[in-house]
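Note that the structure is predicted; figures quoted are calculated from it, not measured. Position 1 is the first residue of the sequence, and the numbers go up from there.
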Amino acid sequence: MASDRDIDSRKQQPSRPARRRFLKTAVASATTVGAAAVPLSGLALDKPTTTLAAANTIPSREFGNTGIRVPIMHLGTSQRLDPQYDKLMHRSFEAGVTWFDTALSYGWGSSHKAIANFLKQIDDRKKLWLTSKSGSGRVSGLRDGIDEALDELGTDYIDLYLMHGINDLDMLDRDYLALGEKLKAQGKTRFFGFSCHDGNVAELLEKAAKVGGIDAILFRYNFRRYGDLELNRAIDACHRAGIAMLAMKTQGSVPRDLESVVGFRSDNFTLGQAKLKSVWADERISSIVSEMDSVKYVRENVAAARSEKSLTAEESHQLNQLAAFTAAYACNGCKHLCESAVAKQVSIADPLRFLMYYECYGKTARARELYRAIPASALAASDRELAQACSVCPQGIDIPTRLRRAREVLA
Ligand code: SF4
């Protein structure tokens, strides 16, 4: 027997031929995601409405070499969303952020369902771009994950489907690429790619540029990575190959009291806005994913996206200073360096990332949950082993001290 959601989703979705027509039109002509804006009047942000649409727009850039234009910022939804009516999703959408990024695991598994409800509320699937991810390095997980994602999202296609968190070159193999082609041919996703938080990102990008069949890559990129030659060459290679480059972790966060030492000053931008601007200054980046967990951040980030001002030399200089002064607290995720310097299996980058969630984002419960899921054996390195890891860390992080801090607050 069909569930209520099945019945609702059939009502919401175009038939398969209709969807194919839409895909054909979208790919054949230069399209701007969410451009079919309907003016809004008297927005009531706290109650459901079925007439929402993007009244405003933010600038767009080409999605790789597809001819499709997408907003330069999209909404990350790993936080817990309101399943009935999520104010931040609506507020972002109304402001022109017509692309949401989700994953099977986001919001403790609730993100997809909240977005499904949001799709019903806006009543037009075509006005929202959706990224979803699954797999975590396994092609079988990626294959099964898309059906689960489509079911949970109540839609019959995803715009961009990514393997979640690739950190090994071998994952970009023939099976993975063949699956991408198959899912696109089946109309389950329009575009295909991967996300990578850590590992040797530059090598992954170089390989992705060569193997073909990858439409987009979501990767860690922020003001701290400017001047990284190896990464820049790899981004160039992907850009030349027509791959859409999507930036995440753009804030390069460290605890606020450390950031305040630099005392960022600007007549134009807050520090958070300046960090976004520094990524948009790189025209190879199609879009930034930003988890905006308050209306204040939606307002700030959208204002930055719409601002025609670029960073001044002085503002860029302050960001460079900030990167230099706080490097020892900002883990880049290059765990192929520190973790392989230790003979046994040890986890360094992950606990440091979860510590960042705790210290910078105040996500105590999530950080503890993730930290406690790390096998105890991977957290049991000796001082000598951690000293070896320290010796290869390009950020100069005091790894033993930071891991001790992670244990104190997250164990
Ligand atoms: S601790 Fe250092 S080497 Fe290890 S992942 Fe972080 S930045 Fe890279």
Please confirm whether the backbone N or O of His112 pairs with a side-chain atom of Glu152, one donor and one acceptor, at under 3.5 Å?
-> no
Check the side chains of Ser134 and Tyr161 for a donor-acceptor pair under 3.5 angstrom, ignoring hydrogens and angles.
-> yes
Nearest heavy-atom approach of Tyr106 to Thr77 is CB-O, 3.5 Å
Going from NE2 on His239 to CD1 on Ile285, what distance comes out if it is rounded to the nearest 0.5 angstrom?
-> 9.0 Å
Run the numbers on Tyr85 and Asn117 for side-chain hydrogen bond (donor to acceptor under 3.5 Å, both in side chains), then give the verdict.
-> CA-CA 8 Å; Tyr85 182 83; Asn117 213 17; over 6 Å; no
Flag for Gln273-Asn301: side-chain donor and acceptor within less than 3.5 Å = no
Polar contact flag, side-chain donor to acceptor under 3.5 angstrom, Thr270-Glu300 = yes
Is there side-chain contact between Glu206 and Arg233, with at least one heavy-atom pair below 4.5 Å?
-> yes
Are any non-hydrogen side-chain atoms of Ile68 and Arg190 less than 4.5 angstrom apart?
-> yes
Taking Lys188 as the fixed residue, which of Asp159, Asp151, Asp147 is the one that meets the salt bridge (Lys or Arg N to Asp or Glu O under 4.0 Å) rule?
-> Asp147
Taking side chain as C-beta onward, heavy atoms only, is Ile374 less than 4.5 Å from Pro351?
-> yes
Could you pull out the closest heavy-atom pair between Phe194 and Leu162, with the gap in Å?
-> N-CD2, 3.4 Å
Do Lys249 and Glu291 sit within salt-bridge range, that is, some charged N less than 4.0 Å from a carboxylate O?
-> no
Side-chain donor-acceptor pair under 3.5 Å between Trp99 and Thr131, yes or no?
-> yes
Does the pair Ser382 and Glu385 meet the rule for a side-chain hydrogen bond (donor to acceptor under 3.5 Å, both in side chains), with working shown?
-> CA-CA 5 Å; Ser382 68; Glu385 288 165 329; 3.2 Å; yes
Going by heavy atoms in the side chains, are Leu246 and Ile288 under 4.5 Å from each other?
-> no
State, without any angle test, whether Arg224 and Thr326 hold a side-chain donor-acceptor pair at a distance under 3.5 Å.
-> yes
Please determine if Asp101 and Lys133 form a salt bridge, counting it only when a charged side-chain N lies under 4.0 Å from a carboxylate O.
-> yes
In short, Ile399 meets Cys390 closest at the heavy-atom pair N-SG, 3.4 Å
May I ask you to test the Trp280-Ser310 pair for a side-chain heavy-atom distance under 4.5 Å?
-> no
Salt bridge present between Arg404 and Glu408 (N-O < 4.0 angstrom) = no
Between Ile348 and Leu403, which heavy-atom pair has the shortest distance, and what is it?
-> O-CD2, 4.1 Å
Polar side-chain atom of Arg372 near backbone of Leu370 as donor-acceptor pair, under 3.5 Å | no
Interatomic distance, CD@Glu339 vs OG@Ser347, rounded to 0.5 Å, equals 5.0 Å
Evaluate side chain to side chain contact (heavy atoms under 4.5 Å, CB included) for Leu322 paired with Phe264, printing each intermediate quantity in order.
-> CA-CA 8 Å; Leu322 178 64; Phe264 180 81; over 6 Å; no
d(Cys334 SG, Asn167 CG) to nearest 0.5 Å is 12.5 Å
Test Asn222 against Gln251 for side-chain hydrogen bond (donor to acceptor under 3.5 Å, both in side chains), laying out the working first.
-> CA-CA 6 Å; Asn222 56 51; Gln251 295 296 300; over 6 Å; no
Might you point out which heavy atoms bring Arg402 and Leu352 nearest each other, and give the distance in Å?
-> CB-CD2, 3.6 Å
How far apart are the C-alpha atoms of Tyr357 and Tyr371, what are their side-chain angles, what is the distance that settles it, and do they pass the ring-ring contact (aromatic ring centres under 6.0 Å, His included) test?
-> CA-CA 11 Å; Tyr357 292 168; Tyr371 182 89; over 10 Å; no
Is the CG atom of Asp383 crowded by more than 12 outside heavy atoms at less than 6.0 Å?
-> no
Give, for atom NE2 of His336 and atom CG of Asn200, the distance between the pair rounded to the nearest 0.5 Å.
-> 3.5 Å
Do Lys113 and Leu153 have side chains that get closer than 4.5 Å, going by heavy atoms?
-> no
Pick out which of Val139, Leu179, Ile214, Leu172 makes a side chain to side chain contact (heavy atoms under 4.5 Å, CB included) with Met163.
-> Val139
Salt bridge present between Arg366 and Glu369 (N-O < 4.0 angstrom) | yes
Report the C-alpha separation of Lys275 and Glu259 in whole Å, then their side-chain angles, then the decisive distance to 0.1 Å, and conclude whether the salt bridge (charged side-chain N to carboxylate O under 4.0 Å, His left out) test is met.
-> CA-CA 12 Å; Lys275 290 175 179 177; Glu259 287 195 335; 2.6 Å; yes
What residues form a side chain to side chain donor-acceptor pair (under 3.5 Å) with Asp293, not counting sequence neighbours?
-> none
State, with a plain yes or no, whether a side-chain heavy atom of Pro255 is found less than 4.5 Å away from one of Glu359.
-> yes
Within 45° of the six-membered ring axis of Tyr157 and under 6.0 Å from that ring's centre, is NZ or CZ of Arg125 located there?
-> yes
When rounded to the nearest 0.5 Å, the distance separating CD1 of Ile72 from OG of Ser287 is 7.5 Å
So, Lys277 side chain and Ser307 main chain: donor-acceptor pair closer than 3.5 Å or not?
-> yes
Answer yes if the side chains of Asn232 and Arg284 hold a donor-acceptor pair under 3.5 Å, and no otherwise.
-> yes
Evaluate side chain to side chain contact (heavy atoms under 4.5 Å, CB included) for Asp215 paired with Ile243, printing each intermediate quantity in order.
-> CA-CA 5 Å; Asp215 303 306; Ile243 298 173; over 6 Å; no
Phe100 ring center within less than 6.0 Å of His74 ring center | no
So Ser286 and Glu62, side chain to side chain contact (heavy atoms under 4.5 Å, CB included) or not? Walk me through it.
-> CA-CA 6 Å; Ser286 295; Glu62 199 174 335; 5.9 Å; no
Return yes if a side-chain donor-acceptor contact under 3.5 Å exists between Ser132 and Thr102, otherwise no.
-> no
Which atom pair, heavy atoms only, marks the closest approach of Leu88 to Ser294?
-> CD2-C, 3.3 Å
Quick check: are there more than 12 heavy atoms from other residues, nucleotides or ligands sitting under 6.0 Å from CZ of Phe269?
-> yes
Calculate, to the nearest 0.5 Å, the distance between atoms CD and OG1 belonging to Glu315 and Thr312 respectively.
-> 3.5 Å
Please tell me if the side chains of Pro71 and Val97 come closer than 4.5 Å, counting only heavy atoms from C-beta onward.
-> no
Considering residues, nucleotides and ligands other than Arg61, do more than 12 of their heavy atoms fall under 6.0 Å from its CZ?
-> yes
Any chance NZ of Lys309 has more than 12 other-residue heavy atoms, nucleotides or ligands included, within less than 6.0 Å?
-> no
Are the ring centres of Phe118 and Phe93 closer than 6.0 Å?
-> yes
